[in-house]
Amino acid sequence: MTVKRLDSNQPDSFSFNKEDNDLIEKILKNYPKDRKQSAVVPSLYIAQKRAGGWLPEKAISKVAEILEMPKMRVLEIATFYSMFNLKPTGDHFIQVCGTTPCWLRGSDKIKEACIKLVGKEGEVSSDSISWLEVECLGACVNAPAVQVNEDYYEDLNYENMIDLINNLKNNKSIKAGSQIGRVSSEPYNVDNKNA
Amino acid sequence: MPKIVIDGKDFEVEENLSIIQACEVSGVEIPRFCYHEKLSVAGNCRMCLVDIEDARGMSPKPVASCAMQVSDGLKIHTKTQRVKKAREGVMEFLLINHPLDCPICDQGGECDLQDQSVAYGLGGSRYEQNKRSVENKDMGPFIKTEMNRCIHCTRCVRFSTEVSGSDEIGAIGRGRDMEITTYLDIAVKSELSGNVIDLCPVGALTSKPYAFSARPWELKQTESIDVMDAIGSNIRIDTKGNKVMRVLPRNNDEVNEEWISDKTRFFWDGLSLQRIDKPYLRENGKLRQVSWNKAIDVASEKLLNTNPEKIASITGDLVSIESIYSIKKLMDSIKSPNTECRQDGSKINGGREKWLFNSKLSGIDESDGCLLIGTNPRIEAALINSRIIRKSKENNYSIGLLGDKSELNYNYDYLGDDPSIIYDLIDNNNPFCEKLSEMNKPLMIIGQGALKGDEGEDYLNLCIELANNYNFLKNDWNGFNVLHTAASRPGAMEIGFLPGERGKDLDQIIDGYKKGDISTLFLLGADEIEISEKTDCFVIYQGHHGDKGANIADLILPSPSFNEQNGLFINTEGRIQESIRATFPIGEAKEDWEIISLISKKMGLENIDNSFEDLRSSLFHSFPHLADIDMCLSGEKLPKKIERKDIKQHVFKNSLNNFWLSNSITRSSRLMCERNNISVKTIEGD
């Protein structure tokens with residue numbers, strides 16, 4: 001796991017749009033009025049989306065302001081959870097699962113493909129793609145898996161991962177889910193023509 | 001009461017104690033790092049592991065004694081082989097990333113980690129990898145950080161949430177990447193921040209001003225009382241030779257608990273700066289050094305040859321009861337009625353109940369709501385604010401503020417800064433009244449700022465009327481509190497250093513000083529009065545720092561500061577406490593009583609005290625109750641009905657605008673000035 005600290009390059013401003021505010025408002029209704037801090041994790045997640053996949057300092061203090069929390073406490077949460085990114089991510093943000101089942105099924109190869117086509121882990125490439133090794137994505141039956149922005153891509157190997165990244169680069173649409181034509185997590189069949 | 005067995009011995013302990021507390025009251029030591037009596041339980045250091053055994057047999061693994069409650073029949077084992085091994089294991093893990101730099105660490109000699117690793121640790125280390133290294137943080141001029149030493153006990157983090165209420169210190173990251181820091185590495189702004197230095201069980205947070213200046217075993221310790229505010233915090237003054245090296249809190253749950261404010265902790269560098277060490281006399285507009293004989297001659301001649309009606313005396317904020325009593329005796333014997341101790345111009349007078357913190361400081365913990373009138377407790381009494389912070393975190397504890405709006409580190413209902421809003425509160429005509437009437441034990445804290453000006457006394461009476469309309473005054477509860485800012489004020493009020501018959505009060509004395517109605521003015525450490533230009537009036541200043549009082553003085557008599565002479569003080573709740581001499585006076589300074597007795601002798605007065613003991617026994621003769629040191633004085637019952645005198649143009653004037661530079665010692669202190677500059681900057685920056 002990498003050390004999570006605020007990025008040295010920070011944007012000048014951050015603001016939520018109306019949609020975000022409505023959503024936070026809705027989340028806040030789940031909790032008593034004087035317990036606004038309960039909504040901190042979903043609020044930070046919304047802020048991360050709004051800021052383009054990562055949390056600048058301005059976003060953290062904005063969340064603190066909305067939830068009437070000390071800034072320090074929000075920063076603690078933002079640095080604690082690995083799903084909050086404190087450094088900029090690309091437009092296509094690939095999260096490579098490196099936990100045991102994926103690793104057994106060849107996640108090292110997936111990482112190799114990423115290094116080859118995207119670059120160093122955590123760095124944004126010129127065509128705005130970045131990748132990060134993360135903890136279990138919960139897609140172990142279709143291992144190895146990666147998450148690109150909101151979608152999962154499963155049953156990967158070195159070759160189809162290269163294709164996947166190339167398609168991302170060329171902005172081609174890719175079918176989410178299994179990359180070998182498996183339907184959800186049906187039994188893996190060696191006779192399958194895609195195998 | 002649960003009966004428990006600790007290491008084979010039977011004990012009966014109170015209910016709701018944790019195992020670590022039960023062991024502590026039973027005299028069995030359990031090592032700990034993260035556990036602290038005054039903070040919430042974190043249970044993360046695992047040093048306090050013990051074995052427990054109940055009806056079902058031994059526990060399968062050792063338990064953290066700080067996080068486990070005692071129950072009847074519980075058997076606690078603190079000396080088993082398993083506990084010993086567990087402690088050694090924890091110790092070894094803690095030391096993995098802790099640098100072995102004890103010889104150059106300021107905590108050395110009073111370090112929990114050092115002591116406990118000797119007592120409970122293994123002799124050596126099996127760790128061969130590199131240690132973790134962490135960048136040091138800048139936490140301001142008071143706290144020095146050496147973050148490699150941090151063992152992540154989170155005491156400082158819990159302190160900043162629970163006691164100082166400022167939530168400034170936090171732990172970012174997790175696991176081995178966890179770091180203690182402030183938000184974006186800015187200086188800590190709390191007035192209580194220095195306490196994290198004491199809390200830190202290792203040398204990660206140490207005192208910056210005290211850095212590398214002494215080892216604990218070289219210091220002489222004097223248990224004394226603080227006079228920086230009117231709380232009377234119990235302190236320990238550590239000295240080396242004749243120099244104060246540091247000030248630490250002493251535990252007194254009734255007063256300051258375990259904390260002191262940063263002003264109390266770090267004022268001491270002011271004790272060696274700007275000191276008056278010799279008598280001075282102004283001749284042809286210039287102050288010139290003179291001998292004591294000459295100084296005493298001049299003073300006694302002035303006091304003898306001036307019409308007593310034209311003599312006035314004002315006492316300052318840091319003066320002990322004995323000193324005030326000696327000048328009171330002098331003024332009484334020359335029959336000068338113009339005596340004044342309220343140098344901030346507040347109009348308190350009358351019985352104690354009208355100017356004491358009647359609920360006592362510990363009463364704040366019992367209260368279920370609070371109304372602040374014309375006060376900023378964060379500046380005026382940081383430790384009272386800390387108690388309110390603790391209460392404010394409870395459910396349904398509402399706080400109202402009538403006065404200047406300011407950041408108090410808790411949420412409150414702001415009622416406005418117009419003093420006449422009190423009429424709405426009296427007449428149940430304000431939204432806050434509903435909350436007030438629901439409170440069973442409400443507190444009212446009235447600052448000196450509400451009681452200044454011509455209508456100050458009328459306003460105090462309005463407050464009493466308000467108190468009578470709600471539950472503030474009951475048979476078993478008195479929530480009517482006046483908060484003092486000056487350490488010497490309650491003591492001076494107690495012995496009645498107030499204008500006598502046809503005597504002038506502060507405003508009239510200042511007026512007389514300007515117009516010539518006062519021709520000799522005796523200032524006993526009074527540095528906060530608003531006089532800046534010199535007039536023909538002859539001013540005698542007796543004090544220890546070259547500050548405002550000495551500026552306008554014609555004769556300066558050097559006297560010791562509070563830590564250089566013994567003296568009694570009464571704190572804002574009426575507690576009589578003794579301040580003990582820790583160092584000797586500087587230069588030719590003579591003790592307050594001695595100077596005044598020399599003057600009296602020269603004047604040919606009777607009843608002269610020949611020693612401090614004489615003075616004190618004469619004080620105890622006149623005020624026998626003052627001999628009950630550490631006891632709390634209390635007043636009569638407040639009147640049920642008071643004739644109302646309406647206020648017309650009363651305004652709140654906060655008595656302290658600046659926490660850091662509030663008296664002559666702190667104004668001379670470099671550290672306090674540095675800290676003050678930071679707060680000025682951050683306010684501008686915000």
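What you see below is based on every heavy atom in this structure, not just the backbone, and it leaves out hydrogens, waters and symmetry mates. Chain letters run A, B, ... following the sequence lines, proteins first, then strands; residues in each count from 1. Nothing here was measured: the structure is a model prediction, and the numbers come from that model.
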Rounded to the nearest 0.5 Å, what's the gap from [atom1] on [X] to [atom2] on [Y]? Could you check?
| X | Y | atom1 | atom2 | answer |
| --- | --- | --- | --- | --- |
| Glu76(A) | Thr181(B) | CD | OG1 | 10.0 Å |
| Ile172(B) | Ile77(A) | CD1 | CD1 | 13.0 Å |
| Leu75(A) | Leu184(B) | CG | CG | 7.0 Å |
| Glu179(B) | Arg5(A) | CD | CZ | 4.0 Å |

Applying a criterion of heavy atom separation less than 4.5 Å, what residues of [range] form contacts with chain B?
| range | value |
| --- | --- |
| residues 150-176 of chain A | none |
| residues 98-116 of chain A | none |
| residues 45-68 of chain A | Glu57(A), Ile60(A), Ser61(A) |

Report, as yes or no, whether the 6.0 Å neighbourhood of atom [atom1] on [X] holds more than 12 heavy atoms from other residues, nucleotides or ligands.
| X | atom1 | result |
| --- | --- | --- |
| Lys71(A) | NZ | no |
| Asp7(A) | CG | yes |
| Lys393(B) | NZ | yes |
| Glu434(B) | CD | no |
| Tyr81(A) | OH | no |

- Task: Would you mind checking if Asp167(B) and Arg73(A) are paired as a salt bridge, meaning a charged N to carboxylate O distance below 4.0 Å?
- Result: yes
- Message: Applying a heavy-atom distance below 4.5 Å, give me the residues of residues 196-207 of chain B that approach chain A, sorted by number.
- Response: none
- Item | Which portion of Asn411(B) sits near chain A, non-hydrogen atoms under 4.5 angstrom | neither
- Item | Closest contact, heavy atoms only, Ile169(B) versus Met72(A) | C-CG, 3.8 Å
- Residue pair Arg174(B) / Phe80(A): nearest heavy atoms and the distance that separates them: NE-O, 2.8 Å
- Task: Output the option from Ser160(B), Ala171(B), Ser166(B) having the highest count of non-hydrogen pairs under 4.5 Å with chain A.
- Result: Ala171(B)
